[in-house]
Structures are given as structure tokens and as C-alpha cells.
Amino acid sequence: MTVTTRFAPSPTGRLHVGNIRTALHNALFARKQGGTFVLRIDDTDAERSTAEFDQAIRDDLDWLGLAPDLVVRQSGRFDLYEREFERLRVAGRVYACYETPEELELRRKVLLGRGLPPVYERQDLTSPALEGRQPHWRFRLDHGAPIEWRDLVRGPQRFDPHLLSDPVVRREDGSWLYLLPSVIDDIDLGVTHVVRGEDHVSNSAVQLQMFAALGANPPALAHEALLVAAEGKLSKRLGSLGVEELRASGLEPMALLSLLARLGTSQPVEAIVELDELAADLDFARFGRAPAHFDLHDVELLNARLLHRLEFADVAERLPDGATEPSWLLLRGNLERLSDFAAWFTVIAGEFEPPELGDDERRLVAKAAEIAPTLDWSAGPWQALAETLKTSTGLKGKALFHPLRLALTGRESGPEMAGLLLAMGQDRAVARLTTAANR
RNA sequence: GGCCCCAUCGUCUAGCGGUCUAGGACGUCGCCCUUUCACGGCGAAAACACGGGUUCGAUCCCCGUUGGGGUCACCA
């Protein structure tokens with residue numbers, strides 16, 4: 001069986017962390033199985049859907065490295081929905097309803113007030129009072145037997161159809177609601193696995209009956225626990241971290257994906273460079289069923305780790321002009337964002353303002369400025385410089401190295417001075433020591 | 001309110017009645033490396049929500065309490 005997964009966002013906003021995780025797991029699973037990852041733009045809601053968000057979603061997926069194998073749009077498939085809807089109508093699985101939203105809302109409140117589940121109650125279709133109203137349409141749930149399936153992450157599931165409302169599938173004006181078109185598309189596209197958040201479990205129960213009503217085998221279902229944040233819930237409808245902030249913050253997509261792929265699973269979270277590695281050990285059975293806490297700080301930590309592991313070839317075209325492999329290897333261990341490289345590169349290949357030093361530090365640096373021109377740079381100047389200074393000043397350890405580091409790099413911390421000195425060259429080093437000593 | 005999930009170190013989790021003096025990962029702390037710091041390496045501290053059962057014996061099974069999450073739309 002060829003695996004097909006799908007990610008089905010509506011173009012009513014940008015992607016966010018929760019969305020991205022769903023997209024990732026679908027993409028990863030398809031990749032692992034050598035299957036197809038479909039992006040289905042769920043744009044049946046013409047009011048809220050926009051071409052801009054449609055485009056942004058595809059751009060964001062590309063940026064993440066999760067470009068789909070196929071893109072389809074629900075707005076282009078209405079003929080298909082019409083045909084299938086007609087089949088269901090003729091078969092009596094879809095029926096006309098005439099209540100107004102206000103009436104339904106009132107009824108819900110009454111039921112809730114009585115401590116009853118607010119389930120839709122089927123009406124007497126022959127009621128004359130309904131004459132002349134334009135109907136909307138509901139799918140008739142089969143109350144005959146419990147709805148059951150074996151969920152890939154939640155295990156055996158069982159729903160009593162009496163506790164579910166017949167879902168509205170089509171509005172008075174003929175427009176579609178998501179539930180039915182989604183099933184029709186999953187059948188038509190040969191989707192074999194539906195991976196989504198646990199906020200969809202009861203939808204799945206209903207949709208399972210739709211698959212049956214349409215004479216199709218249902219896909220395998222995997223409902224993952226949602227993510228929560230310290231500030232609250234990160235679900236798709238409430239305020240959450242959007243992909244635009246993520247992109248703007250200069251984080252590597254793989255840092256985000258490394259966390260999202262494994263957070264809430266028993267797999268250790270680590271900075272992974274290749275999507276294939278993430279795909280290889282994706283296992284729904286290893287997913288926890290409790291909501292996991294998402295913390296952006298973890299992404300930042302992973303981002304640094306990831307950078308420290310990246311090879312020159314991985315980042316070469318994103319580095320400033322003149323950056324070389326040795327400079328990358330020297331500096332990468334001190335980067336938190338890739339953009340940090342530029343400033344560090346200036347330290348070894350450009351110019352910067354040395355900071356002002358205290359009197360003691362300035363004296364030491366002045367001495368260093370005298371010694372530096374006399375050193376044989378090719379012999380590894382750092383040790384010679386340190387040794388000479390040590391004997392002439394009696395200083396050692398931090399008192400000796402800290403001022404030099406500050407004068408030469410402008411930073412409190414960084415790569416080993418031996419490598420930095422060599423990389424920046426004698427002229428640059430002498431000039432910096434001299435200016436720092438005279439400021 | 002009904003229904004459904006969940007409850008182990010700060011966080012994500014392993015554990016499927018004795019093997020648990022409860023394992024791993026991230027974070028934290030310490031040590032080493034660096035004649036400094038960062039990177040890196042090594043090590044340590046750190047948890048079974050509570051109350052009842054069942055059992056010779058409960059982290060593990062049952063019930064309840066408490067606490068989290070989800071859902072019950074003419075949104076997806």
C-alpha cells in the first residue's frame with residue numbers, strides 16, 4: 001500500500017506552531033514510508049479564505065523544508081462534492097433542516113441548562129411551519145452501533161453516536177462545511193493516514209460514518225495530543241506563536257522541527273540536521289497522550305546546538321562574502337543564530353571599535369602592543385605572546401587573558417584565542433592592541 | 001453539565017505486580033579541557049499528585065478526590 005498523508009489548513013491565517021507540528025508529522029510519515037505528502041488547501045469558506053494566506057502557507061512550508069508533493073484546493077473541487085452529496089441525499093444519509101441558528105442556539109442552552117449534552121434533535125420533517133424556508137443539510141448519523149477505531153496514538157476508540165449531533169454539511173446558500181468535503185477528498189486522493197490534533201477526535205468519529213456511507217475504507221487515524229504553553233494553550237484558534245515571528249527571529253527551521261518532531265514523544269529531543277533522520281524514527285506508538293509544553297527557549301537552545309554541528313557547505317551561501325571554511329569551523333561553536341556569524345567574522349576579517357579598558361588592563365594591552373609586532377605569526381603567536389607577557393608582568397590566568405580577549409575581540413567570551421589570533425593576522429592584532437591601549 | 005484523554009525528576013518521557021536503591025533526554029549544578037571565557041567532554045542533584053481498596057507484595061490493577069487537556073458550531 002502506498003502511503004498518502006495530507007495537511008489541510010484553511011487559508012485564513014498564517015501557520016503557527018501547532019499547525020507546523022501537524023504538517024511535520026504528516027510530511028515525516030509520508031517520507032518515512034516513501035509515500036506522498038499532499039497539501040490540501042481547505043478554502044471552502046470563501047468569506048475568510050484569501051489568496052495571500054494560500055500563498056503564505058506554501059511559502060512557509062517551503063521555508064520549513066516541508067514542501068508538499070501535491071497541492072489541491074477544495075474550491076476547485078465543488079463538482080465532485082456536488083455529485084457525492086447527491087448520492088448521500090438520494091440514499092437518505094443527508095437530509096434537509098430548517099431551524100435557524102437562533103433556534104438551535106436556544107435549544108442548546110436549554111439542554112445544557114438541564115445538564116444534558118447539547119446534541120441536535122432531529123425534527124419532524126413534515127412540519128408545515130417549515131414551508132417556504134430554504135434548507136440547510138445534515139448528515140444522518142447511524143445510531144445503530146458504536147463508532148470504533150484503533151487510533152495510532154490513542155489506541156482503541158469508541159463513540160456512542162447518540163451523543164453526537166448530525167453534523168451540518170451544507171448551508172442554505174449551497175456552500176460547504178468542512179466535514180464532508182474533507183472525507184470526499186480523502187477518498188478521492190487516496191489518503192491512507194490522517195494525522196491531526198486530538199481536537200478532531202469527535203470529528204473523526206462522525207467522518208468514519210461518512211466514509212462508510214460513501215462506500216470507502218477509512219484511512220488510519222492518528223490523533224496527537226495538543227501542545228500547551230506556559231501562557232496558555234497553543235491550539236490553532238487561540239493566540240499562539242506564528243511562523244512569521246519564527247522566521248523573523250532568525251531561527252533555523254530544523255531547530256524548530258527537531259523540537260516539534262519529538263516533543264511529547266519518548267524520543268529524546270536533539271538538534272537534528274536532516275529531515276530524513278527525523279522521519280526515520282517517527283513512531284506514533286511513541287507519542288504521549290498528555291499535552292506537552294512547548295517552550296520557545298528550547299528552540300533557541302536547539303538552534304545553537306544545530307549551528308555548532310552544521311558544516312560549512314550547509315551554510316556557505318548564507319554567510320557573508322569572504323567567509324571561508326576555516327573561519328566557519330573556528331566560529332560556529334559560539335553562534336546562537338546564524339546571523340551572529342557576521343559580527344564574529346568582522347573580528348577576524350574586518351574592523352571594529354575596541355572597547356574602553358580600565359587602567360590596569362590598558363597597561364597590559366600596551367605591553368602586548370609592543371610585543372605583538374616582534375612575533376613570528378606563522379609559529380602560532382598566542383602562546384609566545386602570553387608567555388612573554390606573563391614573565392614581564394607577573395600576571396596569569398584571567399587577569400592576563402581577559403583584557404587581551406577584550407581588546408582583540410571586543411567580547412567577554414568566544415573561541416580560543418590561539419585560533420582567533422592566527423585568523424585575524426598580525427596587522428589587525430597589532431592595530432587593535434594599539435588603539436585599545438590608547439583609548 | 002455530558003462524553004473522551006492524561007497524571008513519574010523543573011520539562012519531554014521509560015516503566016506494562018516483585019528485576020525500582022525508578023532508567024534516558026533537555027535544562028540546572030559540579031569537574032575536566034581552555035595557562036581566561038565560550039564550545040566540547042565527563043559526572044552529580046532531581047520524580048512515582050492525594051485517599052481508599054485488590055494482593056504475600058503496588059509506580060504498575062480497581063474506585064474516588066484533586067489537577068491538567070480536548071470536545072459537545074450553519075469554524076476548520
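To find a chain, count down the sequence lines: A is the first, B the second, and so on, and within it residues start at 1. Source: prediction; values computed, not measured. Values below: every heavy atom of this structure, side chains too, minus hydrogens, waters and symmetry copies.
- Comparing B:G68 with B:C32, their C1' atoms are spaced 42 Å from each other, to the whole Å.
- Among the protein residues, A:Ser175 comes within range of no part of the nucleic acid, since none of its heavy atoms lies under 4.0 Å from any strand.
- At the heavy-atom level, A:Glu172 lies under 4.0 Å from base atoms of the strands shown.
- Across B:A73, B:G69, B:U35, the shortest atom-to-atom separation from the side chain of A:Pro291 is found for B:G69.
- Judged by Watson-Crick or G-U wobble contacts below 3.5 Å, the nucleotide B:U28 has B:A44 as its partner.
- Atom CD of A:Glu270 is surrounded by more than 12 heavy atoms from other residues, nucleotides or ligands within 6.0 Å.
- The residue from A:Arg318, A:Arg309, A:Arg305 that alone fulfils the salt bridge (Lys or Arg N to Asp or Glu O under 4.0 Å) condition with A:Glu252 is A:Arg318.
- B:C33 sits 33 Å from B:A14 when the C1' atoms are compared, rounded to a whole Å.
- For the pair A:Glu336 CD and B:C37 C1', the computed distance is 14 Å after rounding to whole Å.
- Aromatic stacking of A:His200 on B:G70: not satisfied for centres closer than 5.5 Å together with planes under 30 degrees.
- Map A:Gly397 and A:Pro117 each onto its nearest nucleotide of RNA chain B; the residue landing nearer the 5' end is A:Pro117.
- Between B:A7 and B:G17, the two P atoms lie 16 Å apart (nearest whole Å).
- Under 4.0 Å is where a charged nitrogen must lie from a carboxylate oxygen, and between A:Glu198 and A:Arg154 at least one such pair does.
- Proximity of A:His308 to the phosphate of B:G40: a side-chain N or O atom is located under 4.0 Å from OP1 or OP2.
- Distance noted for atom P between B:C6 and B:G10: 22 Å (whole Å).
- A straight line from CZ of A:Phe139 to C1' of B:C74 spans 17 Å, rounded to a whole angstrom.
- With A:Leu141 as the partner, the side chain to side chain contact (heavy atoms under 4.5 Å, CB included) test is satisfied by one option alone out of A:His162, A:Arg93, A:Arg122: A:Arg122.
- Comparing the P positions of B:C42 and B:C4 gives an interatomic distance of 48 Å, to the nearest angstrom.
- Across all strands shown, A:Glu387 has heavy atoms under 4.0 Å from base atoms, whether or not it also approaches the sugar-phosphate.
- Comparing atom distances between the A:Ala292 side chain and each of B:C5, B:A76, B:U13 picks out B:U13 as nearest.
- Counting non-hydrogen atoms under 4.0 angstrom, A:Arg138 reaches the backbone sugars and phosphates but no base.
- Comparing A:Arg262 and A:Ser165 against RNA chain B, the residue whose closest nucleotide sits nearer the 5' end is A:Arg262.
- Side-chain nitrogen and oxygen atoms of A:Thr12 include none within less than 4.0 Å of the OP1 or OP2 phosphate oxygen of B:C75.
- Across all strands, A:Asn334 comes closer than 4.0 Å to base atoms (heavy-atom distances).
- Aromatic rings of A:Phe29 and A:Phe284 (six-membered ring for Trp) have centroids within the 6.0 Å cut-off, being under it.
- In this model, the phosphate group of B:A73 is approached by a side-chain N or O of A:Arg108 to a distance below 4.0 Å at OP1 or OP2.
- Straight-line distance from the NE2 atom of A:His223 to the C1' atom of B:G69: 15 Å, rounded to whole Å.
- Side-chain proximity of A:Glu416 to the nucleotides B:U34, B:G40, B:C3 is greatest for B:U34.
- As judged by a 4.0 angstrom heavy-atom cut-off over every strand, A:Val269 is placed among residues touching the sugar-phosphate backbone only.
- Which of B:A76, B:A38, B:C74 sits closest to the side chain of A:Val168 comes down to B:C74.
- Shown here, B:C16 forms no base pair; nothing in the strands shown gives a Watson-Crick or G-U wobble contact with both key distances under 3.5 Å.
- If you measure from atom CG of A:Leu112 to atom P of B:C3, you get 13 Å, rounded to the nearest angstrom.
- In this structure, CG of A:Leu177 is placed 8 Å from P of B:C74, rounded to the nearest angstrom.
- Among the protein residues, A:Asn203 comes within range of the nucleic acid bases, having at least one heavy atom under 4.0 Å from a base atom.
- When each of B:U36, B:U71, B:C75 is scored by its nearest atom to the side-chain atoms of A:Arg171, the top-ranked nucleotide is B:C75.
- Evaluation of atom-type donor-acceptor distances gives no pair under 3.5 Å for the side chain of A:Glu198 against the base of B:C5.
- A:Phe341 and A:Phe345 have their aromatic ring centers within a separation under 6.0 angstrom.
- When distances run from any side-chain atom of A:Gln157 to the nucleotides B:U11, B:A14, B:C4, the shortest one goes to B:C4.
- Straight-line distance from the CG atom of A:Leu301 to the C1' atom of B:U11: 12 Å, rounded to whole Å.
- Between A:Leu335 atom CG and B:G40 atom C1' there is a gap of 15 Å when expressed in whole angstrom units.
- Comparing B:G70, B:G2, B:U36 by their closest approach to the side chain of A:Arg405 singles out B:U36.
- For A:Lys390, whose side chain is taken as the heavy atoms from C-beta onward, the closest listed nucleotide among B:C37, B:C74, B:U35 is B:U35.
- Donor-acceptor pairing under 3.5 Å is lacking for the side chains of A:Asn203 and A:Tyr178.
- On the P atoms, B:G67 is 31 Å away from B:U55, given to the nearest whole Å.
- Listed pair A:Arg305 / B:G27 meets the phosphate criterion, a side-chain N or O lying under 4.0 Å from OP1 or OP2.
- Remark: A:Gln55 CD to A:Ile41 CD1 distance equals 9.5 Å, nearest 0.5 Å.
- Following rounding to the nearest Å, A:Arg107 (CZ) and B:A73 (C1') show an atom-to-atom distance of 17 Å.
- Comparing B:A38, B:C5, B:A76 against the side chain of A:Arg154 picks out B:C5 as the nearest.
- If you check B:G69, B:C26, B:C75 against the side chain of A:Asp45, the one that comes closest is B:C75.
- A distance of about 8 Å separates the P atoms of B:C60 and B:A49, rounded to the whole Å.
- Across all strands, A:Pro9 comes closer than 4.0 Å to no nucleic acid atom at all (heavy-atom distances).
- A:Gly414 comes within contact range of at least one nucleobase, with a heavy-atom separation under 4.0 Å.
- Ring pair A:Phe401/A:Trp382: centre-to-centre distance below 6.0 Å.
- Comparing B:A22 with B:U8, their C1' atoms sit 8 Å apart, to the nearest whole Å.
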